[in-house]
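These notes concern the structure reproduced below.
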Amino acid sequence: RYQRRVRETNRMTTAQEPNASKEEYFNDISSEDNITEIESLCMNCELQGTTRLLLTRVPHFKEVILMSFSCPHCGHHNVEVQPSGMIQEKGRKIHLKLIKKQDLNRQIVKMESASILIPELQFEIPAVTQKGSLNTIEGFIATSIENLRYTVELSKDNPDVVLKLTEFISKLEGLLSNKENSDELENPFTIILDDPAGNSNIQNFLAPATDPQMTTHYYIRTPEQDLALGILPDEKGTKPTANILSATDAQKLIDTASPYQNEVIILPGMCSLCHTPGESRMLLIDIPYFKEVVVMAYTCEHCGYKTNEVKPGGAIAPKGKKISLKLTTPEDISRDILKSETARIEIPELDLVLEPGTLGGKFTTIEGLLTNVFDQIKGTSFICGDSADQDSKKNLDTFLDVLKKTLGGEKQMTIVIDDPVANSYIQNLYAPDPDPNMIVEEYERSFEQNEELGLNDIQTENYN
């Protein structure tokens, strides 16, 4: 019911002004927010109830749609949160190791496509359960315990089921207890949040720095996952429609498009958000002292969805490459930088690490990249609201202030880009001579890196 109302609301807003900005509809949470009320059917008593919709922007997170349904006839009510944004290009899986009692207070945004797994108990909260929720880890576990207790009440006629459920509830309750005279959990455990849509998240207490207890992986969705998210397959029904070239296709384009260098190539495409036909624009660029790359961009004139990506051409380099640049003058942030989707970025002075996959492939200036990092951190951090820790707020404000000073050329720092396939680049202002502020190192990839890239399974000799 809610999803249908949300789709209708989105269609109305986009139909009125196809290129209108979200700023007109999504504002920061305040006491003056306008709430939309819609009459809708109560699924409990089948009489008319009221659905209230609030299109708002959660500070330091993203735009969401808050929905609340209440029925004056039977008293049934329901609350849900839905993302207003697009489905991400890749799924997202987050592993978190819970060690201390404080870890239970981490907030989780669980969208309707996400599942939560506790492998130690082989316990899963599937996508259809507690969907569209913003809660703490303790809150999700407590809700699961409450639901299981309700199941026990319904299963009183089956003593074996009651016994097994009671034992399992005790195990779940054991996850919430800590050691005597200690803030460490009595039974440390792992939470795995898996969202094929890529819109769910777990709070990072150390943001914007990397949390050693948390790892994030991005993955390509299966055709079945795409269909579950409403992404339609192509006419053959074998794979989902995509607007992004693979590295192989990018190389083919380079091989055939030499006469079209510096000329925009327009190809028909399909919007992955509203499935309306549109145009993908591609431009072949030769970066001096580096290689040729394909810059791709897609804009949907119907719903306003935009995406862009950069694909380097050529074969995978035999060694990885690590580039370190000391930013000493305001001109340094104007250098061109190519960040591939396999690259890892570090700024040691800020203890900032961007893992591979973050921000995707980018061809911009260092200033543009840092601005993107600035916006990304402000747009995804949980450090907000009345429940936020004041020290965390202070740390984030300090970090953003230092980043602003760097963008203004007031502070020096080092940017390190580590790419295991050597497809990333920082402009050398002294080329072809060495840059005194830049260190370029090549290294042998580890077995784990080759495994992550799928290189261990590639057969290049005696291939039939």
Side-chain angles (χ1 to χ4, degrees), residues 1-11 14 22 26 53 55-58 60-67 79-96 106-117 124-135 137 140 191-204 214-234 239-244 270-276 298 300 303-309 341 355-360 376 379-382:
R1 177 180 64 243
Y2 297 127
Q3 295 174 9
R4 184 171 63 252
R5 297 298 182 189
V6 171
R7 287 195 294 267
E8 291 174 356
T9 303
N10 287 339
R11 280 198 297 268
T14 55
K22 281 186 179 180
F26 293 87
L53 301 176
L55 282 66
T56 187
R57 184 188 304 108
V58 178
H60 307 294
F61 184 53
K62 59 170 63 177
E63 292 88 358
V64 297
I65 301 174
L66 302 179
M67 295 168 286
V79 178
E80 193 170 343
V81 56
Q82 291 281 351
S84 69
M86 62 183 179
I87 296 173
Q88 304 303 314
E89 293 175 0
K90 293 184 179 181
R92 190 182 195 190
K93 182 180 287 188
I94 304 175
H95 291 71
L96 172 67
R106 294 178 187 251
Q107 298 180 50
I108 294 181
V109 176
K110 179 184 180 297
M111 295 305 179
E112 62 176 5
S113 57
S115 61
I116 296 177
L117 177 66
E124 181 180 9
I125 302 175
V128 295
T129 305
Q130 301 189 48
K131 62 181 181 179
S133 302
L134 172 59
N135 206 342
I137 294 176
F140 277 105
I191 283 279
I192 301 176
L193 177 65
D194 188 357
D195 186 2
N199 286 322
S200 299
N201 205 358
I202 300 179
Q203 181 180 10
N204 177 1
M214 186 187 304
T215 58
T216 303
H217 301 282
Y218 297 89
Y219 59 89
I220 302 297
R221 289 185 292 269
T222 64
E224 292 75 15
Q225 289 174 323
D226 278 319
L227 286 174
L229 294 173
I231 300 176
L232 300 178
D234 61 9
K239 58 182 180 180
T241 302
N243 295 319
I244 300 174
M270 188 76 72
C271 177
S272 60
L273 188 63
C274 68
H275 307 295
T276 301
Y298 180 87
C300 180
C303 68
Y305 168 68
K306 297 180 180 180
T307 183
N308 60 79
E309 191 170 358
E341 60 183 9
E355 296 295 340
T358 308
L359 302 179
Q376 187 85 351
T380 59
S381 176
F382 280 95

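If you take CG on N199 and CE on M111, they are separated by 6.0 Å, rounding to the nearest 0.5 Å. Taken from CG in L117 to NE2 in H95, the straight-line distance is 8.0 Å, to the nearest 0.5 Å. How far CD1 of I192 is from OG of S115: 9.0 Å, rounded to the nearest 0.5 Å. Rounding to the nearest 0.5 Å gives a distance of 12.0 Å between CG of L229 and CD of E224.
By the 4.5 Å heavy-atom criterion applied to side chains, P196 and Y219 are counted as neighbours. Looking at I94 and N201, their side chains come closer than 4.5 Å, going by heavy atoms from C-beta outward. Annotation: side chain of I137 is in contact with side chain of L96 (closest heavy-atom distance under 4.5 Å).
Heavy atoms only, all atoms of each residue included: L53 and M67 are closest at CD2-CG, 3.1 Å.
For Q203 (side chain) and Q107 (main-chain N/O), a donor-acceptor pair under 3.5 Å exists by modelled atom type.
The salt bridge (charged side-chain N to carboxylate O under 4.0 Å, His left out) test applied to E355 returns R344, not counting sequence neighbours. Applying the side-chain contact (heavy atoms from CB on, under 4.5 Å) rule to I125 yields the partners K110, I116, F123, T129, Q130, F140, S144; only residues at least two apart in sequence or on another chain are considered. Among residues two or more places apart in sequence or in another chain, the salt bridge (charged side-chain N to carboxylate O under 4.0 Å, His left out) test is passed with R92 by none. In this structure I220 satisfies the side-chain contact (heavy atoms from CB on, under 4.5 Å) test together with K90, sequence neighbours excluded.
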Check your understanding: Could you go step by step and tell me if T216 and K93 meet the side-chain contact (heavy atoms from CB on, under 4.5 Å) rule?
Key -> CA-CA 6 Å; T216 303; K93 182 180 287 188; over 6 Å; no

Exercise for review: Take N135 and I108, measure what side-chain contact (heavy atoms from CB on, under 4.5 Å) needs, and give me the verdict at the end.
Suggested key: CA-CA 6 Å; N135 206 342; I108 294 181; over 6 Å; no

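Side-chain polar atoms of S113 and D195 form a donor-acceptor pair below 3.5 angstrom.
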